[in-house]
Amino acid sequence: MKGEHLTQFLIHEQRKSPAATGEFTLLLSDVATACKAIAHAVNRGALAGHLGVAGSENVQGEVQKKLDVISNDLFIRSLEWTGHLAGMASEENDQVIPIPSGYPRGKYLICFDPLDGSSNIDVNISVGTIFSILRAPDGVTQPSEQDFLQPGTQQVAAGFCVYGPSTVMVLTTGSGVNGFTLDRDVGEFILTHPNLRIPADTAEFAINMSNRRYWEEPVRRYVDECVQGKDGVREKNFNMRWVASMVAEVYRILTRGGIFLYPFDTRDPSKGGRLRLMYEANPMSFIVEQAGGLASTGRERIMEIQPHSIHQRVPVILGSKNEVERVVSYHG
Ligand code: F6P
Ligand code: MN
């Protein structure tokens, strides 16, 4: 119900499944607490000396921003003690993150990108946190990387929080998608966007056009046809947006439709794409599909990919159903 706060919403959902123990509700509530702490750190920005680079690189060879490191620590510290998790995997950590000895283990695994869109931090453009929750295989209390490598169809929940003009958390547990706005005065996420739905048609696309010369033919054809607008085969004009923050891009698509592409490109063919499957592509695909959209690599449904490593990259094409289907058909 619009206006209820996140914990209320989760408990109402929990009561619908009599077998639920409440562990999952508590886990999601702890994830929300982590996001509130990160929202605060992002919001303080330069006042707290949080901007700029940390002077290190992550496992992906990306320069880490101070806020990447701060957000990663806040997320880990907020969740490691709770007893709901068997292990964690982060964009910023090479290996899976064990639960420190001394804390109880739970039955869930979480994969997360603590601060998506890092290139936007210092220029005061929206960034966000993305997470994907899986079940730990039966009896596993010290998960290895292998235990995380489950296809996206196995996700129990997924969500993201976008730190923009307002802080908004988007969540799916597999029965639709809901959006909650952080009310800073009371410190709660309030359900403001119940049952988000992505329209099947759109006239808005998002892609990093500077990579055009590296794309494969089907993507080049699709984007060129959008750009030709009324004068081309599509016979209608398209608009383009590129925030370079996937969280902002997906939130826009959930709000008014659109298509987002980060396709395979030939800059480094060994990488297989730009975005990471386990903590970017899978959670966003789950959310988009639950809102009536589609998510594909162009050749297969993202959520059906059998992962081979936690930092694996994949091509991502997601959003309004009819447009994603068109791009997929161009790959056929
Ligand atoms: O974490 C990956 C990411 O920051 C996404 O949020 C965004 O879509 C993409 O990288 C931006 O990449 P580029 O540098 O090509 O604009
Ligand atoms: Mn990211």
Side-chain angles (χ1 to χ4, degrees), residues 34-35 38 42 53-54 57-72 74-75 88-94 110-132 152 158-164 168 170 204-216 219-220 223 240-254 258-269 271-288 295-297 302 309-319:
C35 291
I38 297 172
V42 168
V53 295
E57 277 190 0
N58 67 11
V59 54
Q60 342 247 348
E62 294 168 340
V63 173
Q64 284 181 309
K65 297 290 179 72
K66 281 186 198 163
L67 271 169
D68 281 323
V69 176
I70 293 169
S71 306
N72 195 42
L74 285 171
F75 204 91
M88 300 182 260
S90 165
E91 173 178 325
E92 304 301 334
N93 294 61
D94 190 358
I110 194 163
C111 303
F112 62 96
D113 176 354
L115 206 57
D116 179 58
S118 298
S119 70
N120 286 320
I121 294 170
D122 296 344
V123 291
N124 203 25
I125 291 173
S126 300
V127 288
T129 300
I130 312 173
F131 60 91
S132 159
F160 66 88
C161 194
V162 50
Y163 314 116
V168 178
V170 170
E204 197 162 69
F205 68 98
I207 192 164
N208 186 343
M209 286 291 286
S210 67
N211 296 324
R212 185 181 178 283
R213 68 189 185 283
Y214 301 112
W215 300 336
E216 293 183 304
V219 169
R220 210 176 296 163
V223 174
M240 196 197 89
R241 285 287 182 276
W242 182 251
V243 188
S245 259
M246 194 194 197
V247 284
E249 235 92 55
V250 172
Y251 189 66
R252 184 185 61 248
I253 291 172
L254 288 165
I259 180 168
F260 166 90
L261 305 96
Y262 216 118
F264 173 79
D265 67 50
T266 55
R267 276 175 296 174
D268 180 354
K271 281 192 175 151
R274 164 86 164 89
L275 299 173
R276 277 57 55 106
L277 176 61
M278 301 297 294
Y279 41 80
E280 293 177 321
N282 267 341
M284 290 311 203
S285 299
F286 192 18
I287 292 165
V288 164
S296 171
T297 64
I302 288 172
S309 79
I310 48 170
H311 299 296
Q312 170 178 354
R313 296 174 191 254
V314 289
V316 174
I317 299 163
L318 59 75

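Start at 1 and go down the list; that is how both ligands and their atoms are numbered. Since this is a predicted model, take the numbers as computed values, not measurements.
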Give the atom name of whichever N/O/S atom in Asp113 sits closest to the Mn ion (ligand 2). OD2
Identity and distance of the protein heavy atom lying nearest atom 9 (C) of ligand 1: Arg274 NH2, 4.0 Å
Taking Gln312 for the side chain and Met278 for the main chain, is one N or O donor matched with an acceptor at less than 3.5 Å? no
Identify which of Gly117, Ser210, Gly128, Ser126 has a heavy atom lying nearest to atom 4 (O) of ligand 1. Gly117
To the nearest 0.1 Å, how far is atom 8 (O) of ligand 1 from its closest protein heavy atom, and which atom is that? Met246 N, 3.7 Å
Test your reading of the model: is there a side-chain donor-acceptor pair from Asp116 to the backbone of Val247, 3.5 Å cut-off? yes
Which N/O/S atom belongs to Glu280 and is the closest one to the Mn ion (ligand 2)? OE2
Between His311 (side chain) and Asp94 (backbone), is there a donor-acceptor pair under 3.5 Å? yes
Once you restrict to heavy atoms under 4.0 Å, what part of Ser245 touches ligand 1? Side chain, backbone, both or neither. backbone
Under 4.0 Å from one or more heavy atoms of Arg276, ligand 1 contributes atoms 1 (O), 2 (C)
Would you call Phe260 and Leu275 a side-chain contact if the rule is heavy atoms closer than 4.5 Å? yes
Hey, is the main chain of Pro114 close enough, under 3.5 Å, to the side chain of Thr129 for a donor-acceptor pair? yes
Among all protein heavy atoms in this structure, tell me which lies nearest to atom 15 (O) of ligand 1, with the distance rounded to 0.1 Å. Tyr262 OH, 2.4 Å
Where the side chain of Asp68 meets the backbone of Lys65, is there a donor-acceptor pair that is under 3.5 Å apart? yes
Counting from 1, what ligand 1 atoms have a heavy atom of Glu280 closer than 4.0 Å? 1 (O), 2 (C)
With heavy atoms under 4.0 Å as the rule, classify the contact between Val247 and ligand 1 as side chain, backbone, both or neither. neither
Check contact between Glu249 and ligand 1, using heavy atoms of the residue and a distance below 4.0 angstrom. no
Would you say the ring centroid of Trp242 lies under 6.0 angstrom from that of Phe205? no
Distance filter under 4.0 Å to Ala244 heavy atoms, resulting ligand 1 atoms: 4 (O), 6 (O), 7 (C), 11 (C), 16 (O)
Can you tell me which N/O/S atom of Asp116 has the shortest distance to the Mn ion (ligand 2)? OD1
Indicate yes or no for a side-chain donor-acceptor contact from Arg313 to the backbone of Arg274 under 3.5 Å, with no hydrogens or angles considered. yes
Which residue supplies the protein heavy atom nearest to atom 3 (C) of ligand 1, what is that atom called, and how far is it? Asp116 OD1, 3.9 Å
Taking the side chain as every heavy atom from C-beta outward, state whether Asn72 and Gln64 have any atom pair closer than 4.5 Å. no
